[in-house]
Amino acid sequence: MGSDVWVGPWRPHRPRGPIAALYRGPGPKYLLPPNTGYTLHDPSRPRAPAFSFGARLPPPRTFCGPGPGHLVPARMTVRGPDGSPAYSIHGRPRPAAPLLTPGPGRYFPERAGNATYPSAPRHSIAPRNWGAHAEQQTPGPATYTVPSLLGPRVVGKVSAPTYSICGRSAVGSFCEDLSKTPGPCAYHVVSPAIYKARAPQFSMLARTSPPRDNSLNPGPAAYSVDQHRKPRGWSFGIRHSDYLARVLTDADD
């Protein structure tokens, strides 16, 4: 297209004042909550159920058995040892201790007595011991305590309500000494200024005493009421400062 195309009255120009396009904002720093997914979902939007694929399972391990370091004994079978005799060379055993069995001369059958030979029964009169009793250890009737059926703590029974008679109180009875009761004068009247608005208070000062010294104080006649003091005049002051030093000339020498 040529340059004769009319594009309107607008032409590119510099802005007369600051516009928002000249300022840089934070950009995409501030993000809105997403509407997809399950984590950090927008709470104002409905959230569909989410499903995950799950974690990858570890590869199955194949156990082939022990390695070459596992050595099975040669005489070991599936059912245990093969049972063939095995011999080894052991050391010579120590001689056993001699048997100390008594010989025939150590027995005396004639001393067996009634344990070996038959004999007539023999009886003896023993003392009577079935009727003798030792010290009586059985507790008597006074040892057992029968629970009481009176009072609130009745065992195995329903206890009725119990009441007790208390002592007479000394306060308010005829036993009280009313002469020790404080009278009306024992109580102090509370000032109304404590619980009400307090009124203004004034005090009367003491009379001042005349001066006792010999000083010549002026009396009432020493003052002239008719005389008026002339007011002070006003001036323009000086041009220079009071702290300015004056100029020295040759004539001053």
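Counting heavy atoms from C-beta outward, Met76 and Pro81 have side chains that approach closer than 4.5 Å.
Applying the salt bridge (charged side-chain N to carboxylate O under 4.0 Å, His left out) rule to Arg75 yields the partners Asp82; only residues at least two apart in sequence or on another chain are considered. Met204 pairs by the side-chain contact (heavy atoms from CB on, under 4.5 Å) definition with nothing, not counting sequence neighbours. Under the rule for a side-chain contact (heavy atoms from CB on, under 4.5 Å), the partners of Tyr107 that lie at least two apart in sequence or sit in another chain are Pro102. Shown here are the side-chain contact (heavy atoms from CB on, under 4.5 Å) partners of Pro139, two or more places apart in sequence or in another chain: Thr143, Tyr144.
The list of salt bridge (charged side-chain N to carboxylate O under 4.0 Å, His left out) pairs with a residue in residues 85-108, not counting sequence neighbours, is empty. Residues in residues 37-52 take part in no salt bridge (charged side-chain N to carboxylate O under 4.0 Å, His left out) pair, two or more places apart or across chains.
Distance check: Ser44 OG to Asn35 CG gives 7.0 Å after rounding to the nearest 0.5 Å.
Listed by chain and number, the hydrophobic cluster partners of Tyr223 come to none, as no ILVMFWY side chain reaches under 4.5 Å of it.
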Under 3.5 Å, which donor-acceptor pairs link side chains of residues 184-192 to any protein atom two or more places apart or in another chain?
residue : atom : partner : partner atom : Å
Ser191  : OG   : Ala193  : N            : 3.4

